[in-house]
Every structure is written in C-alpha cells, then in structure tokens.
Amino acid sequence: MMEAISLVGQPSGRAGALMNSSEEMIARARRGDEDAFRLIFERYARPIISFIYDMVSHRDLAEELTQETFVRAYKAMSALRDDAKLSTWLFGIAKNVARESLRTRHRDDNRIELDDDRVFEVKDEKLPPDRELLEKEMNGVIREALAALDEDKRMVFTLKILHQRSYEEIAEITGFSIPKLKTDLHRARAEMRRRIRPYLGAGYEV
Amino acid sequence: MKCEECEALIDEYLDGELVRSAAEIDAHLSGCAKCSAVYEEARRELETLMRYEREVDVTPALWAAVEARIKQEKPVQHQSWLDFVRQRLAHIFVAPRLSPAFAAALVLVAIGVTVAVTTFINSRGGEKNSNVVATAPSNNTAAPTPNAGDGQSNTNQTTQVQTPTNSNQVAGSQTVDKEAPPVREKNAPAIEKQQVARANPPAGATTADKLVREAEQKYLAAINLLERDVKRTRLDPAIRARFEVALADINRTIGETRKVVRQNPGDPGALQYLLGAYSKKVDVLREMSRESVVEDQD
C-alpha cells in the first residue's frame, strides 16, 4: 500500500514508517493526525481533482473545490471505517461539493462554459474524417464534449469511463439507482460518441 | 447469441461489468465480422477516452491551503480539560437545526456537562462535595419543557434555567454564552465557596459516581433527542451508513469507558474520556444534521 503513495513532500519518516496499514492511516487521521491525513490527501488528491475538473471544467475552481472536499473529509473522518470505502466516501464528498458549486453558478441546461485558455476551435462536428489530430486537441474535444452533457450524465460518464468505477461504486457515490445510472451512461456514451467519432477518422492515430 | 443482443451488451462487456454473458460474447465476436467491427470501434473510442489528460495538477500549494484550513479544525486532544469542555459546548451551540427537540437537547447536554464539571472539580478537591448533590436536583427541576418553536428557543429556555438557584448560574452561563469561555473558570471558585458555606461532607467517591450517572443520563437524553431529530431528516443512504458505523464505534467506546468510570469514580481522566465520547456522539449526530441539510439543497 505504502508504495503507491507519492514520495513528494512526505511527512516525517517516523510517522510514515509507523503507518503499516490503511486502517491505521485512517484511524490516525480520524484522531486528527495531520501526517496521516496528508497521506490520504497524497493518495487521493489527483483522482479527486480530476473528477471535480471533469464536472466543473475550470482549473482554478477545481482546485478550490478539491480543497473544500478534503477539508470536509477531515472534519467528517469519524464517519469512516476502512480503506475499501475511503475512496468511495471521498468521491461522495467531492460529488456534493461539485454539485453545490454547479448549482450556485447560473447556467442554462446545467451545461458549463469553459475557460478561454483553449485556442483551437472544436465546435464544428463536420471535420473531415482524415484529419489527424494531436492528443492535445483530442483532450480539448473530450473536455468540450463532457461539458456539453447534462450534470447527471456527465457525472456517471466520468466515474465509469474516466475513473473506471463499478456500477455499485457509482451508485454509492451518486446516490443514483443502478438502472438510472445505466440509462444515463448509455445516453452519455451515445452523445460522447457523436461528438468524438468525427475525430476518430482514419487519420487519427490510436 | 444474436447480433442485436451482442451489440446491446458491447459497452458493458468493455466495461468489464458482464459476468454471465462475457463468454457468449467472446464466442459470438470470434465468428461475426459485423459485431467485431462494432466492438473494435467501441474499443478505440474507449482507449481514446482513457488517454484523456486534464489541465489540472496537484501542487504543493493545494496541500498548503488544505493544511491551513484543517489546522483551524484541529481536535482538542492537547487542550486542557476546561478548554476541552469549553470548545465542545461552543461547538454544540452552533447548531444547524434549532428544532424544539434539538434546542431541548442542547439544554439537557449543558445541564449534564455542568453536573459533570462540578463532579470533576469535587473529585479533585476531595471532601468539598456537599451542595453539588443539592445542585443536581435543582437543575432537574429547572429543566424547561421543549415547547419553543423558533430559533431563539434555546435562549428562552435557558432564561428559565437561570432563575431558580445560584448553582444554575453555571448552567445558565453555559447555555446563553455561545463562547462559553472564562465564565466557567469564575464559577468554579464560586461553587467551592458555596461548598464551604454549606459544609456537609458525604463520601466523595459514591457522590461522584452518582453525579456521573446523572450526567450520563442527561447526555443520553440529549443524544436520544438528537437521534430522533436526525431520523426525520433526509440523508444519502451511503453517507448515513457511514455515520451509523461511526456511531456504533462510539457506542462501544462509551460502554467500555463507562465501566472504567464506574470502577474508578474518582479518576478525572476516565471521566474526561467518557464525556468526550458522549460529546463525540453529539458531534457525529450534528454532522449528520449538517449533511442532511446539504442534501436538502440538492
């Protein structure tokens, strides 16, 4: 377990060495041990910020909401039991934080406006199929396509496809029933395909 | 397996979510060019998506920001006993819900903590336990009925609590003063003065034990009310499950420390731990209230 944790900015050697198990890490974090909580942060900050970014599509906002997620997690650590559920639990908090943010931002159709730091135009879906796109441009295509989904579909899609969660985990994180999330996922996939497929012509290297 | 059936399951197959039909799909794909092409296209799309890179990163500044905020939330382990109780009370009085039941719970908890604090002081002082016995019953009679219907209810009720006796000054000051600060320390010598004045020396350990039990009852009554309050609220089932598990954990701790306190009634450390566990339970129930308020906004 410990090997998977980033070594960047690791807490004091002694504290790190004493945490032999995830259970111990969580138990210590629950008692307010900051070193233990930092390990949790280092392990989960990237997937959490990625998920939140998928939901809100703004870098600065995603950082701010990730911060909020971990602060709430710290305050609510006593609600947690074992490592198997830590990730799901954190994603559940992140989901709430992201949704609250999206609802306080006035948008039409729950769609989101993107940062202006992307230069290229990707709105034209009739691109010639033989155009070769760089990975970077495809990232922009995916990002825009995600932003165009409604909130529920975006959430389910990102959790399933981009974060490889099981249906059960997604149901736990989102509170959706499995039939609903399967329906949303199916529709989200159809929409994402519609937007991405034009760029997956013969010219695009896989 | 027919092509329509296979195509309909391709996405789940790629997701690794199929258990029963996976082998059938394998077999069909190996013999059907059309479905193989569908599968291949879906697979390419999935691979493309999984190579998606986002423009966010986890920076040291992000942790620094989290750390700065959690330091403000740091729990009370290293504080003195009085600071510990003070913070617990201040925490409790910032209540997200001021339903009548909740307000009553606050008052009961405050009364319970009063009794516990005086017990602790007594057990430290040794023989000066006299009028604390008198204090407890008068606190009982002063306990108001939970009839108030608005957010000011706890303040109104504590006014009632304040009137009867001098000793209720402690309860009153706890509940009215949201900061719950130096008042307590001032009241400690006041109680001791009253004790000297009424000099009636019972057996220290038995009295302390009785008072702890009374404090427990007060806490339990408060927790009961809070639990009923929380049961009525809407809460994400997954989150509720987590909280239930935490509560079960705390209940076990309460059970064990209660035994220790009963066996060592004069031990302030055990008493502190027990009351800390009760307080923690109140915290968890409060957090459940907070989470359900958030859920309501969804």
Side-chain angles (χ1 to χ4, degrees), chain A residues 6 8-9 31-32 34 37-38 41-42 45-46 49-50 52-54 59 62-64 66-67 70-71 74-76 78-81 85 88-89 92 96 99-100 103 115 117 135-136 138-139 142-143 160-162 164 166-167 171-173 175 182 185-186 189 192-193 196-197 199-200 204 206, chain B residues 8 11-12 14-17 41-63 65-78 236-250 280 283-284 287-288 290-291 294-295 297-298:
Chain A
S6 159
V8 174
R31 292 196 295 271
E34 275 183 31
F37 189 75
R38 183 169 188 174
F41 175 87
E42 287 185 353
R46 176 167 294 279
I49 198 172
S50 298
I52 292 177
Y53 179 75
D54 292 339
R59 182 173 48 223
E63 286 178 7
E64 184 189 314
T66 300
Q67 201 193 114
F70 279 95
V71 171
Y74 182 80
K75 285 154 69 173
S78 55
L80 197 56
R81 272 294 267 198
K85 295 168 183 167
T88 307
W89 181 69
N96 284 336
R99 283 177 77 166
E100 286 163 32
R103 277 156 202 208
D115 291 327
D117 52 343
E135 288 278 352
K136 191 178 166 191
M138 179 52 84
N139 289 334
I142 293 171
R143 183 167 162 252
K160 187 72 192 129
I161 306 301
L162 302 180
Q164 296 290 293
S166 69
Y167 291 146
E172 265 198 77
I173 291 167
K182 280 187 175 180
L185 180 62
H186 179 73
R189 280 183 132 124
M192 292 296 284
R193 272 193 180 118
I196 290 170
R197 208 163 264 185
Y199 299 89
L200 292 181
Y204 185 74
V206 170
Chain B
D11 283 336
E12 281 186 68
L14 271 169
D15 289 342
E17 290 283 353
E41 185 155 39
R43 195 190 57 76
R44 280 177 67 212
E45 283 164 1
L46 189 59
E47 276 186 9
T48 304
L49 287 164
M50 292 189 63
R51 284 203 306 276
Y52 173 49
E53 280 181 19
R54 303 164 183 86
E55 296 236 317
V56 279
D57 208 353
V58 179
T59 61
L62 185 57
W63 167 250
V66 171
E67 189 181 30
R69 287 181 63 185
I70 66 176
K71 276 191 190 311
Q72 297 167 16
E73 304 286 341
K74 200 164 175 63
V76 300
Q77 290 139 1
H78 304 297
D236 183 288
I239 296 175
R240 179 180 282 276
R242 303 284 178 272
F243 280 124
E244 298 293 351
V245 160
L247 286 172
D249 207 19
I250 293 170
K280 189 69 182 172
D283 279 354
V284 172
E287 195 61 34
M288 286 176 88
R290 197 189 74 84
E291 284 294 317
V294 169
E295 283 295 323
Q297 290 170 1
D298 280 351

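Just so we're on the same page: letters track the sequence lines, and every chain starts at 1. These numbers come from a predicted model, not from an experiment.
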Legend entry - Interchain contact, I52(A) with chain B, by part (heavy-atom threshold 4.5 Å): neither
Inset, instruction - Run the salt-bridge test on R143(A) and D54(A) with the 4.0 Å N-O cut-off and return the result as yes or no. - result: no
Inset, instruction - Using non-hydrogen atoms and a 4.5 Å limit, figure out which bit of A45(A) sits close to chain B: side chain, backbone, both or neither. - result: both
Legend entry - Among the listed options E17(B), E67(B), E12(B), the residue most often paired with chain A at heavy-atom distances under 4.5 Å: E17(B)
Inset, instruction - Specify the closest pair of heavy atoms between R69(B) and Q67(A), including all atoms of both residues, with the distance to one decimal. - result: CD-OE1, 3.3 Å
Inset, instruction - With a 4.5 angstrom heavy-atom cut-off, could you sort out which part of R46(A) is near chain B: side chain, backbone, both or neither? - result: both
Inset, instruction - Please determine if K160(A) and D11(B) form a salt bridge, counting it only when a charged side-chain N lies under 4.0 Å from a carboxylate O. - result: no
Inset, instruction - With a 4.5 angstrom heavy-atom cut-off, could you sort out which part of V66(B) is near chain A: side chain, backbone, both or neither? - result: both
Legend entry - Which atoms of A241(B) approach chain A - backbone, side chain, both or neither, heavy atom under 4.5 Å: neither
Inset, instruction - Let me know if E64(A) has heavy atoms under 4.5 Å from chain B in its side chain, its backbone, both or neither. - result: neither
Legend entry - Side chain, backbone, both or neither of F41(A) within contact of chain B (heavy atoms, under 4.5 Å): side chain
Legend entry - Residue E244(B) versus chain A: region with a heavy atom under 4.5 Å: neither
Inset, instruction - Taking all non-hydrogen atoms of both residues into account, name the closest pair between D57(B) and E63(A) and its distance. - result: O-OE2, 4.3 Å
Inset, instruction - Report the distance from atom CD of E45(B) to atom CZ of R189(A), rounding to the nearest 0.5 Å. - result: 9.0 Å
Inset, instruction - Begin from the C-alpha positions of M288(B) and L247(B) and carry the test side-chain contact (heavy atoms from CB on, under 4.5 Å) through to its verdict. - result: CA-CA 11 Å; M288(B) 286 176 88; L247(B) 286 172; 4.0 Å; yes
Inset, instruction - Go through the atoms of L49(B) and report whether side chain, backbone, both or neither lie under 4.5 Å from a heavy atom of chain A. - result: both
Legend entry - Electrostatic pair R193(A):E41(B) at N-O distance under 4.0 angstrom: no
Inset, instruction - Return the option, out of I250(B), L62(B), V284(B), with the maximum number of heavy-atom pairs under 4.5 Å with chain A. - result: L62(B)
Legend entry - Between CD on residue E172(A) and CD1 on residue I239(B), distance to nearest 0.5 Å: 10.5 Å
Legend entry - Greatest number of heavy atom pairs closer than 4.5 Å to chain A - which of R54(B), M50(B), E53(B): R54(B)
